[in-house]
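Structure incoming, see below.
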Amino acid sequence: AFVSKLKTRWTTLRSNVLSASNISKTIETQIKSAENAQAISRNFNQWKILGQNIEFANNNMGYSHRNQVDYIKTWLNKRMTWMDQEIAKM
């Protein structure tokens, strides 16, 4: 019963709230808000971390904020695809 409900719920969420397009749209909306508040530029002016190998972060994220966003979006899409496959196997 649990697995059936999990699969149904996952399928429902993936068709709307957790769809790739909705996740991307949500991320871009948050970025726009941060840009409007100049939070991104303030962050990188304060913390000179772009292109730096940060121990707790993935150093493949790039040399710009956009590179970091693109990395996260790609990672999320791959993760969601993996979860789709794993849940389907249940």
Worksheet entry | Interatomic distance, I31 atom CD1 to N36 atom CG [nearest 0.5 angstrom] |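 Rounded to the nearest 0.5 Å, the CD1-CG separation comes out at 12.0 Å.
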Fill in: Any donor-acceptor pair under 3.5 Å from S4 side chain to A1 backbone
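Such a contact is absent between S4 side chain and A1 backbone.
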Item to complete: Examine distances only and state if a side-chain atom of S24 and a backbone atom of S21 form a donor-acceptor pair shorter than 3.5 Å.
Response: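 Side chain of S24 to backbone of S21, a donor-acceptor pair under 3.5 Å: no, none is there.
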Worksheet item: Hey, does K73 have a side-chain heavy atom less than 4.5 Å from the side chain of Q68?
Response: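 They are not in side-chain contact.
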Worksheet entry | T26 OG1 to N22 CG distance, which is reported to the nearest 0.5 Å |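 Going from OG1 on T26 over to CG on N22, the span is 4.5 Å.
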Fill in: From N67 atom CG to L50 atom CG, the distance as rounded to the nearest 0.5 Å
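That separation rounds to 8.5 Å.
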Item to complete: Drop me the distance from D70's CG to H65's NE2, to the nearest 0.5 angstrom.
Response: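 Rounded to the nearest 0.5 Å, the CG-NE2 separation comes to 10.0 Å.
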Practice prompt. Before giving the answer on salt bridge (Lys or Arg N to Asp or Glu O under 4.0 Å), spell out for R66 and E35 the whole-Å C-alpha distance, their side-chain angles and the decisive distance to 0.1 Å.
Written response: CA-CA 12 Å; R66 178 47 55 188; E35 286 173 343; 5.3 Å; no
Check residues 78-90 and write down every donor-acceptor pair under 3.5 Å in which the side-chain atom is one partner and the other belongs to a residue at least two apart or another chain.
unit_1, atom_1, unit_2, atom_2, d
T81, OG1, N77, O, 2.9
D84, OD1, W10, NE1, 2.7
D84, OD1, R14, NE, 2.9
D84, OD2, R14, NE, 3.4
D84, OD2, R14, NH2, 2.9
E86, OE2, K89, NZ, 3.0

Discussion item. Counting only heavy atoms from other residues, nucleotides and ligands, does the tally under 6.0 Å from NZ of K7 exceed 12?
Written reply: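 More than 12 heavy atoms, drawn from other residues, nucleotides or ligands, come within 6.0 Å of this atom.
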